[in-house]
*Asks:* 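Just dropping this structure here.
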Amino acid sequence: MAKRVAVIGAGASGLTCMKCCLDEGLEPVCFESSDDIGGLWRFKENPEPDRASIYHSVIINTSKEMMTYSDFPIPAHFPNYMHNSLIMDYFNMYTDHFQLRQYIQFQTRVLQVKQRSDFSHSGQWEVETEARDGKRESHIFDAIMVCVGHHCHPRMPLSDFPGIDTFKGKYFHSRDYKAPEEWRGKRVVVVGIGNSGGDISVELSRMTKQLFLSTRRGAWVMNRVADNGLPLDLVLNRLTRLIQKILPRDFICDVVEKRLNYRFNHAMYGLQPKHRVYHQHPTINDDLPNRILSGTVQVKPNIKEFRSSSVVFEDGSVEHDIDLVVFATGYSFSFPFLPAHVLSVSENKTSLYKHIYPPGLECPTLAVIGLIQPLGAIMPISEMQARWATRVFKGLNKLPSMSVMMKDIKCKEEAMAKRYVTSSRHTIQVDYVPYMDELAEQVGVQPRFLPLLLRDPGLWLRTLFGPCTPYQYRLFGPGQWKGARQAIYTQWERVAQPMKTRPIPARETKRTLSTHLLFLSAATLVVAVIYKRDNYQEYLQYPMMILDKLKTYTA
């Protein structure tokens, strides 16, 4: 009989976990406490207790080609940065295509997960659940995949703000913010300059009389739109990653910060922090500088105290008649259904090998999927985690000894503490490409560049110099997908298609790119003949070779 796997949660991570289970011949049973799939990305007007919640206008910060599941490309006509409703459309397409809905038990809450008495040799777990009607059941599973995410419990550090109990206005966490219309003509303070704080400030500032954005540290603000109008995350590739790895981090920070300040001076806008650009999770926002420039958003330091309807900031300035304070102060995560000896959390920190496996278990039959804060998209990362975990459950991959796992965990914790400023949001950070490659090596699906170069030079060029899209991890090894090559070859077409909504006639130019390249090649030939007259026939081949290679690469 197939091994049974309990998947807790039917969000972005839970969906791909079920699919990966089926790929490996395992039987998934997914317990979802709400009435639909989607997790964080399903908008609801009224937030549910202990569940993530988003506001109506949320648009994802990663582009569609970088956030797609690796064997199911997002439709070409979808915009590059998708509204939450379109993300839900994609999740439903994925669920229906792989027939996952039949494995989900909706409105079923997991109360307890504990090891069976014979766990040391069976690796089995007992799961207690509660249905909507209050009926409780006990189930036996061979493995567990925890997919509850890290946007679980809103952090409201009210003890850090003296006088908040006397505040006459309204205050709530950004989790409870839904739309701006209610606050037209009001005076509002937003606390926190993460992605949610930036987005909410921009949106509210179009309605409010005045919006004040309070930040302790400041932030480096990046655009979704990069050079030539491309999505920011498509500009970075394996070559740029290699350069970043070779060059000193301070030098890279200097280059990036100079570029960011070239767009707008962060110090003049009151945003520049003391830390370097790669020492904090970046804030992605195209509109915030415009709102500051227009005066509808004023950047303020941290709040010192509240006095009735006034807010006193640490620089001594006071703003009166404040109607609303939105605390965009992040989240904390926990696993109340798991025993503390299996997985404990303290100050948003927990010990997991490769951010997935509790190292102290006798049998590696529990995996935490999606408990990461990536500099990139979480969907393909959760998928890669699930691909590895299901193979471990099946016995096809082995984990190292506990001592090796603990050493790896300690090294990662030290590296994270050394790089990032101290914050509850910097306990589960990963960089997309290095982490994906690290997991891919475990699964056996790492792109093999030498075989690619010899067998398929065009694909080699696109894989090495193009964006590191998830399709690269379907070219080799277990789970290889025949459509991966075509997906890589057509990824730029999918980037361009949703923007080509108005026909643009081609401009007539006297000299085309090919003409300029031909002139350049001719000049190279002349120089070569002058310096090596006795072997000029060899150089005659170069111009056409260069043009042929360029045509092949740009085709």
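Just so it is clear, the structure is predicted and the values come from calculations on it, not from any experiment.
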*Asks:* Under a 3.5 Å distance rule, please check whether His151 uses its side chain to pair with a backbone N or O of Gly149 as donor and acceptor.
*Replies:*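 No, His151 side chain to Gly149 backbone: no donor-acceptor pair under 3.5 Å.
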*Asks:* Which residues satisfy the side-chain hydrogen bond (donor to acceptor under 3.5 Å, both in side chains) test with Ser201, sequence neighbours excluded?
*Replies:*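 Applying side-chain hydrogen bond (donor to acceptor under 3.5 Å, both in side chains) to Ser201 gives none.
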*Asks:* Does Phe313 have Lys300 sitting over its ring (NZ/CZ under 6.0 Å from centre, angle to axis within 45°)?
*Replies:*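 The answer is yes; both the distance and angle limits are met.
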*Asks:* Identify, with sequence neighbours excluded, every residue that meets side chain to side chain contact (heavy atoms under 4.5 Å, CB included) alongside Glu203.
*Replies:*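 So Glu203 forms a side chain to side chain contact (heavy atoms under 4.5 Å, CB included) with Ser57, Tyr177, Pro180.
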*Asks:* Can you classify the ring geometry of Phe335 versus Phe333 as parallel (below 30°), tilted (30 to 60°) or perpendicular (above 60°)?
*Replies:*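 Ring orientation, 0 to 90° scale: tilted.
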*Asks:* Here's a test for you: under ring-ring contact (aromatic ring centres under 6.0 Å, His included), which of Tyr269, Tyr262, Phe264 qualifies with His266?
*Replies:*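 Of all the options given, the one that passes is Phe264.
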*Asks:* Apply side-chain hydrogen bond (donor to acceptor under 3.5 Å, both in side chains) to the pair Trp125 and Thr365, showing each step before the final yes or no.
*Replies:* CA-CA 9 Å; Trp125 300 81; Thr365 55; 2.8 Å; yes
*Asks:* Run the ring-ring contact (aromatic ring centres under 6.0 Å, His included) test against Tyr171 and tell me which residues pass, sequence neighbours left out.
*Replies:*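 Once residues adjacent in sequence are excluded, Tyr171 has no partner under the ring-ring contact (aromatic ring centres under 6.0 Å, His included) criterion.
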*Asks:* Run the ring-ring contact (aromatic ring centres under 6.0 Å, His included) test against Phe161 and tell me which residues pass, sequence neighbours left out.
*Replies:*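 Listed in chain order: Phe327.
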*Asks:* Test of understanding: with side chain to side chain contact (heavy atoms under 4.5 Å, CB included), list the residues that count as partners of Asp176, not counting sequence neighbours.
*Replies:*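 Here the qualifying residues are Pro47, Phe172, His173.
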*Asks:* Could you tell me if Arg224 sits above the aromatic ring of Tyr81, with its cationic atom closer than 6.0 Å to the ring centre and no more than 45 degrees from the axis?
*Replies:*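 Judged by the rule, Arg224 and Tyr81 form a cation-pi pair.
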*Asks:* Any donor and acceptor pair, going by atom type alone, linking the side chain of Asn80 with main-chain N or O of Val495 inside 3.5 Å?
*Replies:*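 Side chain of Asn80 to backbone of Val495, a donor-acceptor pair under 3.5 Å: yes, one is there.
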*Asks:* Is it the case that over 12 heavy atoms from other parts of the model lie below 6.0 angstrom from the NZ atom of Lys44?
*Replies:*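 Counting neighbours around NZ of Lys44, more than 12 heavy atoms of other residues, nucleotides or ligands fall under 6.0 Å, so yes.
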*Asks:* Mark yes or no for whether Thr390, through its side chain, and Arg387, through its backbone, hold a donor-acceptor pair below 3.5 Å.
*Replies:*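 Yes, because the side chain of Thr390 sits within donor-acceptor range (under 3.5 Å) of the backbone of Arg387.
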*Asks:* I'd like to check the side chain to side chain contact (heavy atoms under 4.5 Å, CB included) partners of Lys349; sequence neighbours left out, ordered by chain and number.
*Replies:*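 Thr427.
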*Asks:* Taking ring-ring contact (aromatic ring centres under 6.0 Å, His included) as the definition, give me every residue that meets it alongside Phe306, ordered by chain and number, with sequence neighbours left out.
*Replies:*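 Phe306 satisfies ring-ring contact (aromatic ring centres under 6.0 Å, His included) with Phe167 once adjacent residues are dropped.
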*Asks:* His150: which residues meet the ring-ring contact (aromatic ring centres under 6.0 Å, His included) condition with it, sequence neighbours left out?
*Replies:*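 ring-ring contact (aromatic ring centres under 6.0 Å, His included) check on His150 returns nothing, list empty.
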*Asks:* Should the ring pair Tyr90 and Tyr69 be called parallel, tilted or perpendicular, given that the plane angle runs from 0 to 90° and is split at 30 and 60?
*Replies:*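 Parallel, since the angle between the ring planes stays under 30°.
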*Asks:* Can you confirm whether more than 12 heavy atoms, excluding those of Arg263, are under 6.0 Å from its CZ atom?
*Replies:*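 Yes - once you tally the heavy atoms of other residues, nucleotides and ligands closer than 6.0 Å, there are more than 12.
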*Asks:* Sequence neighbours left out, what passes side-chain hydrogen bond (donor to acceptor under 3.5 Å, both in side chains) with Tyr55? Give chain and number order.
*Replies:*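 By the side-chain hydrogen bond (donor to acceptor under 3.5 Å, both in side chains) rule, Tyr55 matches Asp199.
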*Asks:* Using residues 409-417 as the side-chain source, report each donor-acceptor pair under 3.5 Å to any protein atom, sequence neighbours left out, with the distance given to one decimal.
*Replies:*
unit_1: Lys412; atom_1: NZ; unit_2: Asp408; atom_2: OD1; d: 3.3
unit_1: Lys412; atom_1: NZ; unit_2: Asp408; atom_2: OD2; d: 3.3
unit_1: Lys412; atom_1: NZ; unit_2: Glu438; atom_2: OE2; d: 2.8

*Asks:* Provide the full list of ring pair (Phe, Tyr, Trp, His ring centres under 6.0 Å) pairs with a residue in residues 384-405, sequence neighbours left out, each pair given once.
*Replies:*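 For residues 384-405: Tyr357-Trp388.
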*Asks:* Could you go through residues 467-475 and list every donor-acceptor pair under 3.5 Å that involves a side-chain atom there, pairing it with any protein atom two or more places apart or in another chain?
*Replies:*
unit_1: Thr469; atom_1: OG1; unit_2: Gln491; atom_2: OE1; d: 2.7
unit_1: Tyr471; atom_1: OH; unit_2: Glu65; atom_2: OE1; d: 2.9
unit_1: Tyr471; atom_1: OH; unit_2: Arg494; atom_2: NH2; d: 3.4
unit_1: Gln472; atom_1: OE1; unit_2: Arg238; atom_2: NE; d: 3.0
unit_1: Gln472; atom_1: OE1; unit_2: Arg238; atom_2: NH2; d: 3.1
unit_1: Gln472; atom_1: NE2; unit_2: Thr463; atom_2: O; d: 3.1
unit_1: Gln472; atom_1: NE2; unit_2: Pro467; atom_2: O; d: 3.2
unit_1: Tyr473; atom_1: OH; unit_2: Arg238; atom_2: NH2; d: 3.2
unit_1: Tyr473; atom_1: OH; unit_2: Asp437; atom_2: OD1; d: 2.7
unit_1: Arg474; atom_1: NE; unit_2: Ser70; atom_2: OG; d: 2.7
unit_1: Arg474; atom_1: NH1; unit_2: Gly479; atom_2: O; d: 2.8
unit_1: Arg474; atom_1: NH2; unit_2: Ser70; atom_2: OG; d: 3.4
unit_1: Arg474; atom_1: NH2; unit_2: Glu383; atom_2: OE2; d: 3.3

*Asks:* Hey, what do you get for CG (Leu260) to CG (Leu271), rounding to the nearest 0.5 Å?
*Replies:*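 These two atoms lie 11.5 Å from each other.
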*Asks:* Any luck finding a side-chain donor-acceptor pair between Arg216 and Asn302 under 3.5 Å?
*Replies:*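 No.
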